[in-house]
Amino acid sequence: MATHPRERPSRLSRREFLRLSAGAAVALPTTSALLAACANPTTTATKSGAFKLARPNNPATLPLFDSNPAIKSGLQPEKNATLQIYNWDQYLWKKVAKSFCDKYNCNFQITTFNNMDEALSKIRTNQFDFDVFFPTIDVMGKLTGAKILQPLNHDYIPNLAANCWPVFQNPFYDQKWRYSVPYTVYTTGIEYRRDFIPDDVIWGMDNPYEILWDPKYKGKVGIYDDYREAISMALLKNGITDLNTSKPSEINLAKNDLIDLINKVNVRATINGAYAKLPEGEFYLHQSWSGDAAAAWFYVPHYTQKYFKTIGYWYPKDRKGAVGNDLMAIPSRAKNPVLAHLFLNYMLDFKNSMDNFSWVGYQPPQVKADPGRLTTVTSAQGEPYLFPWLADAVVRESDFKTGYEELELSPSVDNLWHNAWEEFKAGAQA
């Protein structure tokens, strides 16, 4: 299971978070094991190996169960309720959640997690009745097979059809949107310090991925502490576009290239390097999600255009790079399912989703959000959603046709990826 664009500590106490968590880390079972434990082990439909691996050319219609029905149409929102939201850390602007509750006369509580294994570990205990959950696309088959999510009643979610990109109206990983709706979209490229690496240097390279291996930047290079993203980047460097490869030779090639990063540039694997440490000058180059590059201006030493302009983002000119999206869903144990449906619809509203974008840095797939205007229109934060020199961090609907996605792996293939990552991590700095 890949980690996530919002796997990062709080804006208010990130250094303290890292210091404390370094000594308190505990081993968690894999996501596949956690999900398998959620159901009767004799029920083969819940075993990860029984799931169809959804692919664009092999779409999956997730199963429905009589014992886990969708709610009826025409129900009123629950009264005197507290909407329980389970989300990645710092991935929802509380102001937007509050405006929802003001409209529907309810309260809200946000509980956070830092990775999907942690999220599933808490959910499987059945001690928490979350109303809204933010999963990733590569666990949807397992989540629905284990009946952790409830089917959606689209009567409550008209903004899905009205506002979201056509490419997400019937996605290959959840045909007919039975269990999920889109939340944000992002690409994965390279964030860099423009004051140390001029734009024409990285953009003029035949293979810009190779700049991360340049000894000239030794001690100033970072990649995500994320086995899927890091290995995928090394695959792309070598011209391999199957980011879900099962070939040991390709996985080993990527692993060896990552190990070579240690030798050449003393690479560091980080959680917050792209959005926080690069703006501070600790890194000159860092693998980056587009949303981290967009949010990095929050972390510059001084809030001035001079400092904002130090942040650059490279993504392939032909848009053939890594691309992904995140989801919103409703757990089957939700105590406020009507409010939960209304919340999903609220977050798919153009204004609400764009206000949220202005704070989290991650773009919603809104039809009315013209990519050409995101670098000029002023957001709720008083600045453009992305600065003009970060135009390549704008995500386009067409990216999901030209780009490459990290999707669900079978347990045996996932083990190959994990083993390669552990060999790299054994010698890498954190």
Side-chain angles (χ1 to χ4, degrees), residues 1-5 7 53-58 136-138 172-173 185-192 202 205-214 221-265 267-270 273-274 285-290 292-293 313-325 392 395 399-428:
M1 173 61 220
T3 53
H4 191 274
E7 281 189 28
L53 297 178
R55 297 291 186 264
N57 62 351
N58 189 30
T136 49
I137 67 175
D138 57 339
F172 67 90
Y173 53 83
V185 293
Y186 53 91
T187 59
T188 308
I190 298 173
E191 190 177 337
Y192 61 99
I202 186 169
M205 297 178 65
D206 292 335
N207 184 358
Y209 291 109
E210 292 180 345
I211 197 169
L212 298 172
W213 278 260
D214 191 335
V221 178
I223 61 173
Y224 281 127
D225 192 356
D226 176 324
Y227 80 107
R228 289 300 299 275
E229 288 286 3
I231 293 174
S232 291
M233 178 196 65
L235 290 171
L236 290 172
K237 170 183 175 284
N238 286 283
I240 300 167
T241 58
D242 181 3
L243 305 189
N244 310 288
T245 181
S246 61
K247 297 179 180 179
S249 60
E250 294 181 344
I251 297 169
N252 284 332
L253 176 63
K255 176 198 69 177
N256 291 335
D257 260 1
L258 292 178
I259 292 173
D260 199 32
L261 272 175
I262 302 172
N263 301 327
K264 288 186 174 179
V265 298
V267 71
R268 282 178 283 170
T270 79
L285 291 160
H286 204 291
Q287 181 185 24
S288 180
W289 291 294
S290 56
D292 273 2
Y313 180 76
W314 172 86
Y315 188 69
K317 294 177 182 177
D318 58 8
R319 309 299 293 182
K320 293 183 178 181
V323 62
N325 69 287
D392 291 278
V395 185
D399 290 339
F400 286 86
K401 296 179 181 179
T402 59
Y404 313 108
E405 297 179 77
E406 297 163 16
L407 305 173
E408 185 171 13
L409 303 175
S410 70
S412 60
V413 174
D414 195 49
N415 284 337
L416 290 176
W417 282 66
H418 267 111
N419 291 340
W421 179 243
E422 289 307 315
E423 284 191 52
F424 162 72
K425 284 296 293 289

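All figures in this text were calculated on a predicted structure; none of them were measured in a lab.
Under the 4.5 Å side-chain criterion, counting only non-hydrogen atoms from C-beta, D242 is not in contact with L235. You'll find the side chain of R55 reaches within 4.5 Å of the side chain of N244, heavy atoms only. At a threshold of 4.5 Å between non-hydrogen side-chain atoms, the residues S288 and Y224 count as touching. I223 places a side-chain heavy atom less than 4.5 Å from the side chain of V267. With contacts defined as side-chain heavy-atom distances shorter than 4.5 Å, the pair V323/V185 does not qualify. The closest side-chain heavy-atom distance from L258 to W421 is below 4.5 Å. With contacts defined as side-chain heavy-atom distances shorter than 4.5 Å, the pair D392/R319 qualifies.
In this structure, the side chain of E423 does not engage the main chain of K255 through any donor-acceptor pair within 3.5 Å. Between the R228 side chain and the L243 main chain, a donor and an acceptor come within less than 3.5 Å of each other. Side-chain atoms of N238 come within 3.5 Å of backbone atoms of A234 as a donor-acceptor pair (strictly under, hydrogens ignored). Judged by distance alone, the side chain of D138 and the main-chain N or O of L409 form no donor-acceptor pair under 3.5 Å.
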Inset, instruction - Would you check, one step at a time, whether the test side-chain contact (heavy atoms from CB on, under 4.5 Å) holds for I240 with L253? - result: CA-CA 10 Å; I240 300 167; L253 176 63; 4.0 Å; yes
Inset, instruction - I would like to know whether I211 and M205 meet side-chain contact (heavy atoms from CB on, under 4.5 Å); could you show each step before the answer? - result: CA-CA 8 Å; I211 197 169; M205 297 178 65; 3.7 Å; yes
Inset, instruction - Might you work through the side-chain contact (heavy atoms from CB on, under 4.5 Å) test for T402 and D318, ending with a clear yes or no? - result: CA-CA 8 Å; T402 59; D318 58 8; over 6 Å; no
Inset, instruction - Take V221 and W213 through the side-chain contact (heavy atoms from CB on, under 4.5 Å) test and state the conclusion after the steps. - result: CA-CA 8 Å; V221 178; W213 278 260; over 6 Å; no
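Between K237 and the choices D260, D206, D257, the salt bridge (charged side-chain N to carboxylate O under 4.0 Å, His left out) rule is met once, by D257.
Below 30°, between 30° and 60°, or above 60°: for Y315 and Y313 the angle between ring planes is below 30°, a parallel geometry. In this structure, Y209 and W314 have perpendicular ring planes: the angle between them is above 60°, well past the 30° mark. Taking the six-membered ring where the residue is Trp, Y227 and H418 present parallel rings, their angle staying beneath 30° rather than reaching 60°.
The residues D225 and K425 are annotated as salt-bridged, a charged nitrogen and a carboxylate oxygen being separated by less than 4.0 angstrom.
Taking the side chain to side chain donor-acceptor pair (under 3.5 Å) definition, one finds that S290 meets it with nothing, sequence neighbours left out. Scored by the side chain to side chain donor-acceptor pair (under 3.5 Å) test, E405 finds no partners at all (sequence neighbours excluded).
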